[in-house]
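Protein chains get the first letters and strands the later ones, always in sequence-line order, with residue 1 at the start of each. All values below come from the heavy atoms of this structure, side chains included, with hydrogens, waters and symmetry mates left out.
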There are 2 protein chains.
Amino acid sequence: MLTQTGEYALRAMVYMARKPGEGFCGVKEIAASTGVPANYLAKILQQLARSKVLDSQKGFGGGFRLNRPREEITLFDVIDPLERVEKFDQCVLGQRLCNDQVACPLHDTWKAIKGQYLGSLHSTTLQDIADFRSKAEVLEHKSTSPALSKR
Amino acid sequence: MLTQTGEYALRAMVYMARKPGEGFCGVKEIAASTGVPANYLAKILQQLARSKVLDSQKGFGGGFRLNRPREEITLFDVIDPLERVEKFDQCVLGQRLCNDQVACPLHDTWKAIKGQYLGSLHSTTLQDIADFRSKAEVLEHKSTSPALSKR
DNA sequence: AGCGAAACGGACCTAGTTATCCTATTGTCG
DNA sequence: CGACAATAGGATAACTAGGTCCGTTTCGCT
């Protein structure tokens with residue numbers, strides 16, 4: 001479903017999206033909080049920076065931060081630069097020619113499955129994830145919730 | 001979305017499901033028709049035989065065949081024995097404890113995405129795929145279609 | 001200007017997946 | 001029974017993804 005790399009990227013992005021404030025956060029901090037190997041995470045974040053999802057800053061006090069507001073970054077934006085998405089366009093049965101007109105037996109079925117998946121990735125933003133509150137939290141703050149007025 | 005191995009398995013199974021007759025088909029035949037490396041395909045089919053999706057027969061005239069009627073084999077049955085499905089149960093964010101009660105921020109979202117995918121795999125049978133007719137075929141046989149009376 | 005903290009980039013190592021090859025083993029046919 | 005055709009299964013090679021290491025560059029701070 002997700003490669004290890006894609007999963008790591010998601011962990012880091014969710015971490016950053018949920019962290020209050022606008023400052024840069026360092027690789028070490030993110031790695032420690034998400035359990036991702038620091039050196040490898042650095043590579044991943046560099047790729048995300050290259051694809052303009054993240055913004056990076058060298059030197060003291062530097063690190064990474066979201067390059068756009070949370071609600072404008074989808075799960076697709078995070079995963080797309082890291083996984084072999086070109087395979088998505090290729091026919092599962094290996095036919096050279098396979099499209100809506102000339103289709104392999106699996107085409108319609110697989111197109112639907114693929115569509116659902118990509119649709120979900122495209123329609124879910126980091127905002128949606130960041131807004132999440134566990135049931136425990138919801139119960140705890142049910143009556144006197146200041147956090148919900150954020151919006 | 002699918003590993004190479006899973007894709008190859010699907011190709012072979014669709015081929016067998018669409019092939020008329022009940023006899024065994026050899027690895028070489030399937031490999032030639034689906035473009036899958038023959039030796040590797042043999043390994044895959046052996047695994048599918050071990051997981052009771054296929055039936056195998058050694059010796060002259062031997063090969064593989066579906067172990068159950070087409071309509072009782074789902075895409076999930078084909079892919080499940082070959083891919084690391086245990087990962088599906090693990091929290092994407094890496095939390096040791098993550099379930100409906102105590103959940104990570106991604107839990108609900110990812111559960112939905114996963115559910116759609118697995119649901120599709122479970123609800124699509126080889127019969128559904130085998131029944132497929134391309135638009136060209138549909139047009140060709142539109143008026144005098146004997147094939148549709150199969151059911 | 002000099003120091004240290006960070007990302008950047010390249011080289012390299014490791015492990016898992018994909019693919020090949022070779023030797024059994026088991027079946028059919030003459 | 002012997003020849004042959006097929007799967008079964010083990011060993012191994014090739015490739016790719018995952019992961020580490022180290023020197024370089026860029027920045028903030030004093």
Query raised in the report: Is the phosphate of dA17(D), meaning OP1 or OP2, less than 4.0 Å from a side-chain N or O of R84(A)?
Result: yes
Query raised in the report: Do M13(B) and I44(B) touch side chain to side chain, with heavy atoms closer than 4.5 Å?
Result: no
Query raised in the report: Rounded to the nearest Å, what distance is computed from the NZ atom of residue K28(B) to the C1' atom of nucleotide dA8(D)?
Result: 15 Å
Query - Greater than 12 external heavy atoms within 6.0 Å of K111(A)'s NZ - result: no
**Report entry** Phosphate-side-chain proximity, S56(A) and dA6(C), N/O vs OP1/OP2 below 4.0 Å
**Finding:** no
Requested in this report: Check R70(A), R68(A), K52(A) against D77(A) for a salt bridge (Lys or Arg N to Asp or Glu O under 4.0 Å) and give me the one that passes.
Outcome: R68(A)
Requested in this report: Report the nucleotide, chosen from dC27(D), dC21(D), dG27(C), that has the shortest atom-to-atom distance to any side-chain atom of N39(A).
Outcome: dC21(D)
Requested in this report: Could you tell me the separation between the CD1 atom of I44(A) and the P atom of dA7(C), rounded to a whole number of Å?
Outcome: 14 Å
Query - Nearest-neighbour nucleotide for the V27(B) side chain, dT7(D), dG4(C), dT28(C) considered - result: dT7(D)
Requested in this report: Please state how far atom CZ in R11(A) lies from atom P in dG18(D), giving the value in whole angstrom units.
Outcome: 13 Å
Requested in this report: Between T5(A) and K58(B), name the one whose nearest nucleotide on DNA chain D is closer to the 5' end.
Outcome: K58(B)
Requested in this report: Return the value, rounded to whole Å, for the distance between atom OH of Y40(B) and atom P of dA8(D).
Outcome: 16 Å
Report task. Ignoring backbone atoms, test whether Y8(A) places a side-chain nitrogen or oxygen under 4.0 Å from the OP1 or OP2 oxygen of dG19(D). Result -> yes
Query raised in the report: Among the nucleotides dA5(D), dT18(C), dC21(D), which one has an atom lying closest to any side-chain atom of K43(A)?
Result: dC21(D)
Requested in this report: Could you check P37(B) against G61(A) and say which one's nearest nucleotide on DNA chain C is further toward the 5' end?
Outcome: G61(A)
Report task. Round to the nearest Å and state the distance from R65(B) atom CZ to dT7(D) atom P. Result -> 13 Å
**Report entry** F60(B)-I30(B) co-clustered via ILVMFWY side chain contacts under 4.5 Å
**Finding:** no
Query raised in the report: Under 4.0 Å between a side-chain N/O of R50(B) and OP1 or OP2 of dG9(D), yes or no?
Result: yes
Query raised in the report: Within the structure shown, what part of the strands sits under 4.0 Å from F24(A) by heavy-atom distance: base, sugar-phosphate, or nothing?
Result: nothing
Report summary line: Which of dT20(D), dT7(D), dT18(C) is nearest the side chain of T3(B)? It is dT18(C)
Requested in this report: May I have the distance from L41(B) (atom CG) to dT17(C) (atom C1'), rounded to whole angstrom?
Outcome: 16 Å
Requested in this report: Examine distances only and state if a side-chain atom of Y117(A) and a backbone atom of M1(A) form a donor-acceptor pair shorter than 3.5 Å.
Outcome: yes
Report summary line: Rounded to whole Å, CD of Q47(A) lies from C1' of dA17(D) at a distance of 12 Å
Report task. Can you tell me the distance, in whole Å, between the CG atom of L82(B) and the P atom of dT17(C)? Result -> 12 Å
Report task. Could you check whether Q46(A) gets within reach of a base, just the sugar-phosphate, or nothing at all, counting any heavy atom under 4.0 Å? Result -> base
